[in-house]
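Let me begin by presenting the structure, written as structure tokens, before commenting on it.
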Amino acid sequence: MPGPLPDPTEVDRPYWEGARAGVLRLQRCAACRQLLFPPARRCPQCDGDALRWEDLRGRGRIWSWVVFRRQYFPAMPPPYIVVRVRLDEGPLVIANLVGGEPAIDAPVRAVFHDTGRGLVLPQFVVEG
Amino acid sequence: MSSDRTPCIVGIGATPFGPLYRQLDPRRSAFDLAADAFLRALDDSGLAKREIDSVIVGRLPSYLKFCADVGLRDVRYVNFQSGGGNQSGLALLQAATLIRAGQADVVACVYGNNGRSVRVEYGGAPIPTSRYDDPYGMTSNGAYLGMMFRRHQYEFGTPAEALADLAISIRANAALNPDAVMRTPITREDYFRAPYVVEPLRLLDYCLINDGGVAYLVTTLERARSLKHPPVRVLSSAVAGAMGYFYGTEDFWYHTLAGLRARLFGPAGVGPADLDCAQIYDNFTPSLVFALEGIGVCERGGAGDWILAGNHRLGGVLPLNTSGGHLSEGYLQGWALTVEAVRQLRGQAGARQVPGCELVLDLTCSPICSAHLLAR
Ligand SMILES: [Zn+2]
């Protein structure tokens, strides 16, 4: 069971649609080429508003990780692993690690979990 | 120098945190706690209430009510902080700046918190990425700091024993502080036997949640000279923030803190080696590791060794959080650390007094980094 799920907005609907299609999708600024996370209306780096959604490889490396041993959300009994992943394309994202042993710098790939409550969540597993 | 406007802290007041912790009372109001601390600070200063012309209020739901409650009806300046731990150092900077600029002659800085009695949950406050974190159960600054600490361990080999030794020495300091909440000494065994909350952080890496009020009064050196206690001067202050979508940075705030060193130490003509003790915001033990490196007390990546050598203990090179800090004295979101700095400089710290204390660092990084040098 996931924690609280957001309602997709006009700004991040393509992100969630990407997850449903099994792909990690973020915006790239047409002017400065910066890849954005979280989704935005405007590029924080150059103020450009020409942002194009781009499919990513869904691969990266674990920047760091924690194991929740205390319950914070009613629907999420501990323990569960949260990783912060440096995507190959640059951005840092948060997700659960749902396969393999966590280790810093371990290569991971995105998998997609249907919550059954309207949203598909990107998750990660250790590769190999 | 008859009109010296160097800002000085001249009155301090704090409710006794231990007794409040042991006696929960849902009717206890944050206003009452703040007023209690304020009256103690006023009495401690020797100032007359009518001399107070400005007020900075932290966390209380209404600055109007607080001012009315204590009869501060005409003010030149008043401001309110929502109260997060990122702001305590900004209250002192604000007060000091008003004094230097001649915009105020006496500023009362006041904080009150009844969070334990009314069961406030910390750690669930939304951050800009909460909508993307919550589905994964990722929440709380402790979790973000745990993530940073594990990365710090990977980059620099910092051992978990360094966190243990911080918790242990800070508890030992609290044992010497009659007003502290947690006073029973702990050992490494206790530390490692305590459960993980968000691994790699254990229970004793986390600050307390407790009720209390804290207040201090800031005025000019000129006015301070004829008051009850020797003035404690605010020698210099510097603030820097690394703004982002997450709590924390990939460099453990190193460059943010390193960037404010010159502004902090330069004007005072001193360096980290001149400090007699430091009061550093310890919401979680890793914050201390990052702060010690960033502010230049030790080398980057060297905090683990520095701590294992015992430099942070009373009697060591730089005693840290002499009152017991947030981990063991009480979590007053930075405010009580400033008061402890003043006690040390006045020589009023009792059994935990640092002998000959002349220069104290008061530092917060959570995530706004604010630093003050206080001197006798
Ligand atoms: Zn751009």
Side-chain angles (χ1 to χ4, degrees), chain A residues 1-9 11-12 15-16 19 26 36-40 44 61-86 91-98 102-106 113 115 117-124, chain B residues 121-158 160 163 192-206 209 242-252 284 286 290:
Chain A
M1 282 282 278
L5 297 176
D7 291 322
T9 64
V11 173
D12 68 6
Y15 173 83
W16 298 111
L26 294 179
L36 309 189
F37 184 83
R61 285 179 185 273
I62 294 176
W63 183 82
S64 189
W65 55 282
V66 293
V67 186
F68 276 73
R69 301 280 184 187
R70 196 199 114 169
Q71 186 146 8
Y72 281 84
F73 295 102
M76 286 198 78
Y80 54 89
I81 301 171
V82 177
V83 286
R84 197 171 180 194
V85 169
R86 165 81 65 203
L92 277 166
V93 296
I94 290 278
N96 297 125
L97 188 80
V98 293
I104 290 181
D105 264 353
H113 168 67
T115 63
R117 288 156 56 196
L119 282 190
V120 172
L121 282 181
Q123 308 270 28
F124 287 96
Chain B
E121 287 278 332
Y122 293 84
I127 61 167
T129 52
S130 286
R131 61 189 274 106
Y132 305 103
D133 288 358
D134 286 356
Y136 303 111
M138 177 63 179
T139 188
S140 83
N141 293 348
Y144 270 100
L145 279 166
M147 218 170 244
M148 287 165 77
F149 183 68
R150 197 191 294 278
R151 180 76 195 186
H152 194 275
Q153 292 189 285
Y154 173 82
E155 289 185 23
F156 303 111
T158 315
L163 302 189
F192 284 107
R193 213 168 33 204
Y196 283 120
V197 179
V198 178
E199 188 188 335
L201 300 191
R202 292 176 164 86
L203 187 62
L204 296 174
D205 293 310
Y206 279 63
I209 293 176
M243 302 292 104
Y245 291 111
F246 298 98
Y247 181 89
T249 61
E250 288 161 66
D251 71 348
F252 322 102
F284 304 89
F290 306 152

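Each chain gets a letter, A, B and so on, in the order its sequence line appears, and its residues count up from 1. Because the structure is predicted, anything quoted here is derived from the model rather than measured.
When heavy atoms are compared at a cutoff of 4.5 Å, Leu92(A) approaches chain B by way of both its backbone and its side chain. For Glu250(B), the parts lying under 4.5 angstrom from a heavy atom of chain A are both the backbone and the side chain. Only the side chain of Arg86(A) comes within contact range of chain B, with heavy atoms under 4.5 Å apart. Looking at Pro8(A), the atoms closer than 4.5 Å to chain B (heavy atoms on both sides) all sit in the backbone: N, CA, C or O.
A cation-pi geometry, defined here as NZ or CZ lying under 6.0 Å from the six-membered ring centre and within 45° of its normal, holds between Arg84(A) and Phe246(B).
Val82(A) is listed as a side-chain neighbour of Met147(B), based on a closest heavy-atom distance under 4.5 Å. Contact check for Ser64(A) versus Tyr144(B): no side-chain heavy atoms found under the 4.5 Å cut-off. Contact annotation: the side chain of Phe68(A) approaches that of Met138(B) to within less than 4.5 Å [non-hydrogen atoms, C-beta and beyond].
Of the possible donor and acceptor atoms, one in the side chain of Tyr136(B) sits under 3.5 Å from a partner among the backbone N and O of Pro122(A).
In this view, Asp12(A) and Arg131(B) satisfy the salt bridge (Lys or Arg N to Asp or Glu O under 4.0 Å) rule, not counting sequence neighbours.
Nearest heavy atom pair, residue Asn96(A) against residue Pro135(B), reads OD1-O, 4.4 Å. Closest non-hydrogen pair, Val66(A) versus Gly146(B), comes out as CG1-C, 3.8 Å.
Note: Gly3(A) leads Gly3(A), Pro2(A), Pro78(A), Pro79(A) in heavy-atom pairs under 4.5 Å with chain B. Each of Val83(A), Val93(A), Asp105(A) has some count of heavy-atom pairs under 4.5 Å with chain B, and the biggest count is that of Asp105(A). For chain B, the option among Tyr80(A), Trp65(A), Tyr15(A), Phe73(A) with the highest count of heavy-atom pairs below 4.5 Å is Trp65(A).
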Could you pull out every donor-acceptor pair under 3.5 Å between side chains of residues 193-205 of chain B and any protein atom, sequence neighbours left out?
unit_1, atom_1, unit_2, atom_2, d
Arg193(B), NH1, Glu189(B), OE2, 3.3
Arg193(B), NH2, Asp190(B), OD1, 3.1
Tyr196(B), OH, Arg202(B), NH2, 3.0
Glu199(B), OE1, Arg69(A), NE, 3.1
Glu199(B), OE1, Arg69(A), NH2, 2.7
Asp205(B), OD1, Tyr191(B), OH, 2.8
Asp205(B), OD1, Thr285(B), OG1, 2.6
Asp205(B), OD2, Tyr191(B), OH, 2.7
Asp205(B), OD2, Arg202(B), N, 2.7

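Between Trp16(A) and Tyr132(B), the ring planes lie parallel to each other; the angle is under 30°, not in the 30° to 60° tilted range.
Atoms CZ and CH2, on Arg151(B) and Trp63(A) in that order, are 6.0 Å from each other to the nearest 0.5 Å.
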